[in-house]
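Here the structure comes first, spelled out in structure tokens, and everything after it is commentary.
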Amino acid sequence: MKIQKILIVDGYYGTGFNIPHFAKLLNIKCYHLLTPAVMNSNFNNSQIMLTIDHYLKNVYVKNFKLDSLNIKDIDSLIKKMIPYHFDAIIPGTETGVALADLIAHKLGLNNCNDYHTSNNRLNKEKMQNALKEKGLNYIPFTQVLNLNELIKWKNKNKFEKIILKPSNASGSENLYLCSSELEIEKAYTEFKSYKTFFLKNGGEMLAEKFIEGDEYVVNTFSVSGLHTVSEIIWYHKIKKHNTIIYQDEVLIRKLDSQMNQLINYTFKCLDALDIKFGAAHNELIISKDKKIYLVESGARMMGNCPYLKSFQRAVGHNSFNWLFDSYLKKPNKCKWIKQPYQTKFNWIRIIFWSDYDGKVSKILAYKTLKQFQNIKEINFDLLKFNQMHLKYTKSLIDSPGSCTILDGNLNKLNSTYERVISYLQEPEKYLWELNK
């Protein structure tokens, strides 16, 4: 049997970090490409780069590096890749999406999304415009040219609240919820000096009408334009620090008529965005008047859940296997493509937030949360990544950590959840100790 080879583009963070482990279990050879994006990110310091380099050298068959996005450099890289006869090019993170499309095209692969429409899958303004052109529900938006035009747009449309965000960012980074002109002016000024985690800047500012409602994630996989749902998660978000932050993610166990409508709309969005292969992480809102809107879609796997053992137990499958199948197999060989939605356990991930900016001397949560048998993972990697510097939480990137709860008994899960949320009200007593 032929040993298959895949190239992961920017697999140095989140779920992408775990792809080679699961590929090895299936005897798939995994290669890696590091793009210039990492040099523009918060990873760009000597110690972290040494850690990344060490990891990449130990888990991949070979590592390629691209120093610039100049077309000559890309073509030179392609020539080096031709002898490897890759079977698929897969994005590891958001920064790898467009380049994965382009490389696959230049290598003559057919199991890839069209690189001509890559920007519709990255730029939030173009994304909403693509939905509009296909006659789908979209969130009213405008590109922000200047402060006066922004305020005029809000007042003309009589929007009570608007969202301001970068056109090229994810994870609720640099997102502002504004009602008054004073809030808009403050957000506009702050935005100009902001750098996203992955990029030097977040691109142009995008303004959208604020849609009040319930937000969901619909994770999907596509094979030759056929789509299936991997899991649906309800995002519980709270308004805090003049923005909207994640508090927890709850796995949806069963489908009702509303969830089926959510899935049907999601599939139409995938078609509108020309997503035909691989994973897609789709965030949507069901408004108070029951209309469904796409917030954004990322043509890659969800960044923080699929590799967790508790999550795999809860959904009853390994999403990485579906990822590889979606690129390497024909639809009739993917049994899961027609599999009805099903889950095994109740699952929730609580995302910790902080009202404090400063140094942490000790993490107390490991001991505090150990008493609960249904708490499965406790993660403070981002806090450690930031040298134990606790940040004033305004996005997922600023969150110090998280924990997951898995239980077949919903009452027991809810009981543990309530206790952990109460600890967040007194974090210095239960979760972390601050430097005096």
Side-chain angles (χ1 to χ4, degrees), residues 1-38 52-67 69 73-115 118 121 221-226 230 275-280 299-301 303 306-307 317-337:
M1 175 184 269
K2 176 192 171 187
I3 295 178
Q4 293 175 303
K5 300 176 185 178
I6 60 175
L7 176 72
I8 308 302
V9 183
D10 278 348
Y12 58 84
Y13 181 78
T15 295
F17 206 69
N18 295 270
I19 291 176
H21 166 72
F22 292 98
K24 189 175 181 180
L25 296 177
L26 297 173
N27 200 30
I28 297 172
K29 284 193 173 183
C30 220
Y31 297 71
H32 185 263
L33 170 62
L34 193 64
T35 77
V38 71
I52 290 174
D53 286 342
H54 177 76
Y55 169 78
L56 297 178
K57 287 175 183 176
N58 281 275
V59 300
Y60 287 98
V61 177
K62 181 178 175 60
N63 289 279
F64 298 91
K65 189 175 181 180
L66 185 63
D67 293 320
L69 294 177
D73 290 335
I74 294 173
D75 286 340
S76 176
L77 175 70
I78 297 298
K79 288 180 181 178
K80 294 176 183 177
M81 290 181 171
I82 289 173
Y84 290 89
H85 302 289
F86 291 122
D87 295 289
I89 315 296
I90 302 175
T93 62
E94 191 82 356
T95 59
V97 170
L99 201 54
D101 293 343
L102 180 60
I103 292 172
H105 168 76
K106 284 183 171 285
L107 289 175
L109 297 176
N110 295 318
N111 54 345
C112 58
N113 296 319
D114 187 354
Y115 83 100
S118 294
R121 299 185 283 278
F221 288 91
S222 303
V223 189
S224 299
L226 298 176
S230 176
I275 297 177
K276 295 181 179 179
F277 291 91
R300 38 77 187 176
M301 286 183 75
Y307 57 86
H317 66 260
N318 184 329
S319 294
F320 290 90
N321 293 347
W322 291 18
L323 176 70
F324 303 137
D325 285 354
S326 66
Y327 286 99
L328 300 174
K329 292 184 178 180
K330 299 294 183 184
N332 61 347
K333 297 295 183 181
C334 301
K335 295 180 180 179
W336 46 265
I337 199 77

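Heavy atoms only: backbone and side chains are in, while hydrogens, waters and symmetry mates are out.
At a threshold of 4.5 Å between non-hydrogen side-chain atoms, the residues Val59 and Cys30 do not count as touching. Side-chain contact between Val223 and Lys329 is absent, with no heavy-atom pair separated by less than 4.5 Å. Side-chain atoms of Ile28 and Leu328, non-hydrogen and from C-beta on, do get closer than 4.5 Å to each other. The shortest distance between side-chain heavy atoms of Ser319 and Phe221 falls below 4.5 Å. For the pair Ile8 and Tyr60, the minimum side-chain heavy-atom distance is below 4.5 Å. Taking 4.5 Å as the limit, some side-chain heavy atom of Trp336 sits within range of a side-chain heavy atom of Ser326. Counting heavy atoms from C-beta outward, Tyr307 and Phe17 have side chains that stay 4.5 Å or more apart. In this structure, Leu99 and Leu66 have side chains that are in contact, with non-hydrogen atoms separated by less than 4.5 Å.
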- Message: The test is ring pair (Phe, Tyr, Trp, His ring centres under 6.0 Å); show your working for His317 and Trp322 and say whether it passes.
- Response: CA-CA 9 Å; His317 66 260; Trp322 291 18; 4.0 Å; yes
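The CE atom of Met301 sits 6.5 Å away from atom CD1 of Ile19, with the distance rounded to the nearest 0.5 Å. Rounding to the nearest 0.5 angstrom, the gap separating the NE2 atom in His32 from the CG atom in Leu7 is 8.0 Å. Separation of atoms CD (Gln4) and CG (Asn27) is listed at 9.5 Å; rounding is to 0.5 Å. Atom CG of Asp325 sits about 11.5 Å away from atom NZ of Lys333, to the nearest 0.5 Å. A distance of 8.0 Å separates CG of Asn321 from CG of Leu25, quoted to the nearest 0.5 Å. We find the CG-CG distance between Leu69 and Leu102 to be 9.5 Å, quoted to the nearest 0.5 Å.
Cation-pi geometry between Lys62 and Phe64 is satisfied (NZ or CZ under 6.0 Å from the ring centre, within 45° of the ring normal).
Applying the side-chain hydrogen bond (donor to acceptor under 3.5 Å, both in side chains) criterion to Ser222, with sequence neighbours excluded, gives His227. Every residue two or more places apart in sequence or in another chain was checked for a ring pair (Phe, Tyr, Trp, His ring centres under 6.0 Å) with Tyr327, and none qualifies.
A salt bridge does not link Asp114 with Lys276: none of the charged nitrogens is closer than 4.0 Å to a carboxylate oxygen.
Remark: side-chain polar atoms of Ser118 are paired, donor with acceptor, to backbone N or O of Tyr115 under 3.5 angstrom. The main-chain N or O of Phe277 is found under 3.5 Å from a side-chain atom of Asn113 such that the two form a donor-acceptor pair. With hydrogens and angles ignored, the 3.5 Å screen pairs a side-chain donor or acceptor of Asp10 with a backbone N or O of Thr35.
The nearest pair of heavy atoms linking Ala299 to Ile275 is CB-CD1, 4.2 Å. Taking both residues in full, the closest heavy atoms of Glu94 and Arg121 are given as OE2-O, 4.2 Å, listed atom of the first, atom of the second, then distance.
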Residues 79-92 side chain polar contacts: donor-acceptor under 3.5 Å, at least two apart:
residue: Asp87; atom: OD1; partner: Lys2; partner atom: NZ; Å: 2.6
residue: Asp87; atom: OD2; partner: Lys5; partner atom: N; Å: 2.8

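Asp75 CG: more than 12 foreign heavy atoms inside a 6.0 Å radius.
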